[in-house]
Amino acid sequence: MPEWPEMDTYRRLLSPLVCGRTIQAVEVNREKTINEPVDVFQSALTGRKILFVERRGKHLLFHLDDGHRLLLHLMLGGWIYYGPESEPEREDSRYQVILELDDGNRLFFGGLRLGYLHRLTAKGAQEHLKDLGPDPFDPRLTEEAFTKRLGKRRGKLKPTLVDQKLVSGIGNCYSDEICFDAKVLPMAQIPDLSEETKQRLYHSMRQVLEEAAANGGYMDHKFSADDTFVGGFDEMCRVYDREGEDCPRCGTPIRLEHVSSRKMFFCPSCQKEQ
DNA sequence: AGTGACACCCGAACGC
DNA sequence: TGCGTTCGGGTGTCAC
């Protein structure tokens with residue numbers, strides 16, 4: 001669920017808090033979340049300094065002072081919490097991994113059912129991310145580069161937008177929001193799209209992701225005790241999870257359809273096939 | 001190359 | 001209310 005805006009929000013919030021901090025202790029409550037034996041993971045991380053935090057697509061990379069990286073993917077329903085103590089209503093055991101920092105705060109990784117936190121070499125991390133497409137805001141991904149890239153694809157628009165090889169970071173929610181903003185149906189066939197529509201998709205992609213990130217994305221977990229920012233975009237979604245509600249543009253009820261077990265929310269009136 | 005099916009996992013939602 | 005069952009959703013992989 002966490003997509004580009006959610007992960008970039010985490011990166012922005014975490015960077016000033018954890019850069020330069022040393023990991024003092026590591027708690028692992030679910031061994032499958034990590035990629036090596038718990039004792040190896042713990043002793044390798046203890047004493048390591050976090051240099052900086054990088055986002056690649058929906059991944060977060062914590063760069064460590066020994067050249068290794070901690071690679072995080074929240075997948076479905078994962079979240080991050082930061083503070084001296086966990087969220088009051090949540091037991092520590094609900095968190096799969098907890099990193100204790102040298103300033104008395106802790107980084108809590110929760111909801112990692114399919115998500116993971118892997119300790120990798122620089123090479124290992126690179127290998128893991130080798131198939132990721134460009135970032136939506138990569139300066140090399142110009143309007144022309146994007147429309148060309150999209151134009152090479154066949155098939156339906158939505159499955160292509162969520163394909164991390166096309167552009168990295170777009171998932172179920174924002175693909176629907178982008179299609180709505182660009183006034184095109186998510187089930188439209190890419191070869192049918194006009195050049196203008198592909199150009200609109202490019203600008204909608206950047207506009208929607210930027211607006212969502214500026215409002216804290218749609219995460220439903222607080223980042224810290226006094227956090228009122230994360231999740232602010234939840235009520236700003238135009239179509240996602242709004243089946244039956246009025247389209248904010250034309251008033252037609254939003255429709256939900258499934259394509260290969262994937263939800264698509266759209267306005268059947270003001271979003272078009274081309 | 002696109003499409004669909006499946007496995008992974010477990011909290012949440014649902015049904016009785 | 002409470003217990004058992006089903007479902008969802010990103011990604012990787014595999015078959016067609």
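From a predicted model like this one, the values you see are computed outputs, not experimental measurements. In what follows, chains are A, B, ... by sequence order, proteins preceding strands, each numbered from 1. All values below come from the heavy atoms of this structure, side chains included, with hydrogens, waters and symmetry mates left out.
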Send over the distance from [X] [atom1] to [N] [atom2], rounded to a whole Å.
X	N	atom1	atom2	answer
Met75(A)	dG8(C)	CE	C1'	13 Å
Leu161(A)	dG9(C)	CG	P	17 Å
Leu166(A)	dA1(B)	CG	P	15 Å
Leu112(A)	dT11(C)	CG	P	14 Å
Leu114(A)	dT13(C)	CG	C1'	15 Å
Asp176(A)	dG8(C)	CG	C1'	15 Å
Leu72(A)	dG10(C)	CG	C1'	14 Å
Tyr240(A)	dG10(C)	OH	C1'	11 Å

Ring centroid separation [X] to [Y] under 6.0 Å:
X	Y	result
His118(A)	His73(A)	no
Phe108(A)	Trp79(A)	no
Tyr174(A)	Tyr218(A)	yes
His128(A)	Tyr116(A)	yes

Would you say a side-chain N or O of [X] is under 4.0 Å from OP1 or OP2 of [N]?
X	N	value
Lys263(A)	dG9(C)	yes
His73(A)	dG10(C)	no
Gln164(A)	dG10(C)	no
Arg262(A)	dG4(B)	no
Lys165(A)	dT11(C)	no

Sugar-phosphate, base or nothing in reach of Gly171(A), heavy atoms under 4.0 Å: nothing
Out of dT11(C), dG9(C), dC10(B), whichever nucleotide has its closest atom nearest the side chain of Lys58(A): dT11(C)
Ring-face cation of Arg242(A) near Phe180(A) (centre distance under 6.0 Å, axis angle within 45°):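 Judged by the rule (NZ or CZ under 6.0 Å from the ring centre, within 45° of its axis), Arg242(A) is not positioned above Phe180(A).
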Which residue lies more 5' along DNA chain C, comparing His128(A) with Arg113(A) via nearest heavy atoms: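 Taking each residue's closest nucleotide, the earlier one in sequence belongs to Arg113(A).
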Residue closer to the 5' end of DNA chain C, His258(A) versus His59(A) (nearest nucleotide): His258(A)
